[in-house]
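Counting begins at 1 with the first residue of the sequence.
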Amino acid sequence: MKKTRVAIYVRVSTQEQAKEGYSIGEQSDRLRKFSEAHDWIIVNVYVDAGHSGANTDRPALQQMIADLKAGKIDKVLVYKLDRLSRSQKDTLELIEDVFLPNNTDFESMTEKLDTSTPQGRLFLGILAAFAQLEREMISERMSMGMYARIKEGKWRGGAQVPYGYDYEPALEKLVVNEYESMIVKELFDLFTEGKTLYSIEKEMIAKGHTFHEGRFDRRTSRYILRNKTYCGYMRYKDEWIEGLHDAIIDEETYEKAQAILDENKRKFHEAGYKTGTKSITTNFGGLIYCGRCGAKYSKYQTGCKEYGFHQNYTCHSRHKKIRSMIKDPNCKNKSYRVHEFDEIIFNEIRKFAIDPEYIKQVKKESEKNDDVQQIHAIEKQIKSINSQISRFMDLYGLGKYDMHELDEKTTPLNEQRTKLKRELERLQESSKRITEPEVLKLVESFDEVIEKGDLQDRRFIIEQLIDRIIIDGDVITIKWNFI
């Protein structure tokens, strides 16, 4: 008798793993034992870590579908129905339009559902409806609770507090941070006076100003300039509601800033290609570099009308569309489909939300990074020079050297230290570091931004986390901003 070939499918979102204990290991172990008890052959364990069940756009699920269409699978096994999907429509479409037409049954271990029986198919529809109802009720309760807080003028909670404010739990509202609000005011003043974000960034860095203990940069500046929270409002979807917190910026200044930003955006898009750079229309455009020739990667369309078109990230030297961007006309570095590449990087970002310890692992691996090694070496050398100068000063104090001898000993050391400090500042400036707590705050809402946010929202988080991405064939290296 032919043994049943079973595919184990496991999914967990960050929030579920933290609150409900649906860990990857827990689901996998139980499903393996269940399969072994039935003497089934386990074809593969398909894992979607950190993915919402609200849609079917998940890499492991799509791979499993491809395998079952290829005739490799007789049954799909999950721990619980909602691991497959929390949407009634998606669940029924997967089973009725994908699994069953390809001679693949579906079984839920904990709910004893088996589509190979008529009773199983009946109960499947009922439970799928409840899963959908539960998701919609949770979403509605959360939405109503957040809206009620905002209507009362209270801070909505569960999100990063806007720069310029602190959150006061006892008052349930935002309170003005004296130092940060000063920088916000200066940013609006300089921008509405006609200065560019680039010149403002340089001026603020020269003054020693930072954002949340990180680097002062244009991306964060633009985000602040677009945020009406600074006028005393809070946002709920597309509605701005007056809050209990004090305004930092008056509405006239805010509207003036919006007019300038809108005009700049219009000019930028009208310009199209400008000095070899096109308006950003992808999640990682402008951040990807070729590890072989050093050129940037850009979106490039392949295919034809008859068989369909595909969007790829391709090295400029390879597709040769812009002559000025070519570094090596013979470069043959690998291209990636845009959606597949995006998902690879998204999964790396999700790992930080699933396991905060992953940040330490990434940092440890990045110790091999040239810039990081140089920074550590220079810091060590400066420390050594400080110790030498201190010893000479002690000897001078004890009368072992006169002033002339002290100058002879310390002047070359001071000159070397000055040069090293300049180089250190240059390297640290290029690294654009953010702190570990900031990383965790950014990734908390990453899946929600992927699902509901627009390109600008995604780019804000991505550019805070990633300095650049380097492709060398099948090897993809991410240079993080917190290393």
Residues in side chain to side chain donor-acceptor pair (under 3.5 Å) contact with Glu168, at least two apart in sequence or another chain: none
Counterpart residues, ring-ring contact (aromatic ring centres under 6.0 Å, His included), relative to Tyr313 (two or more places apart): Phe341
Residues Arg30, Glu26: salt bridge by 4.0 Å N-O rule: yes
N-O pairing of Arg58 and Glu343 below 4.0 Å: no
Arg337: salt bridge (charged side-chain N to carboxylate O under 4.0 Å, His left out) partners, not counting sequence neighbours: none
With Glu340 via salt bridge (charged side-chain N to carboxylate O under 4.0 Å, His left out) - residues at least two apart: none
NZ/NE/NH1/NH2 to OD/OE distance under 4.0 Å, Glu252 and Lys256: no
Check: Asn177 main-chain N/O paired with Ser181 side-chain donor or acceptor under 3.5 Å: yes
Counterpart residues, ring-ring contact (aromatic ring centres under 6.0 Å, His included), relative to Tyr46 (two or more places apart): none
Residues which pass ring-ring contact (aromatic ring centres under 6.0 Å, His included) with Tyr179, listed by chain and number, not counting sequence neighbours: His209
Contacts of Asn227 that satisfy side chain to side chain donor-acceptor pair (under 3.5 Å) - sequence neighbours left out: Thr229
Residues in salt bridge (charged side-chain N to carboxylate O under 4.0 Å, His left out) contact with Arg459, at least two apart in sequence or another chain: Glu463
Counterpart residues, salt bridge (charged side-chain N to carboxylate O under 4.0 Å, His left out), relative to Arg468 (two or more places apart): none
Non-neighbouring partners of Tyr9 that pass ring-ring contact (aromatic ring centres under 6.0 Å, His included), sequence neighbours left out: none
Set of side chain to side chain donor-acceptor pair (under 3.5 Å) partners for Asp57, sequence neighbours left out: none
Side chain to side chain donor-acceptor pair (under 3.5 Å) involving Asp29 - partner list, sequence neighbours excluded: none
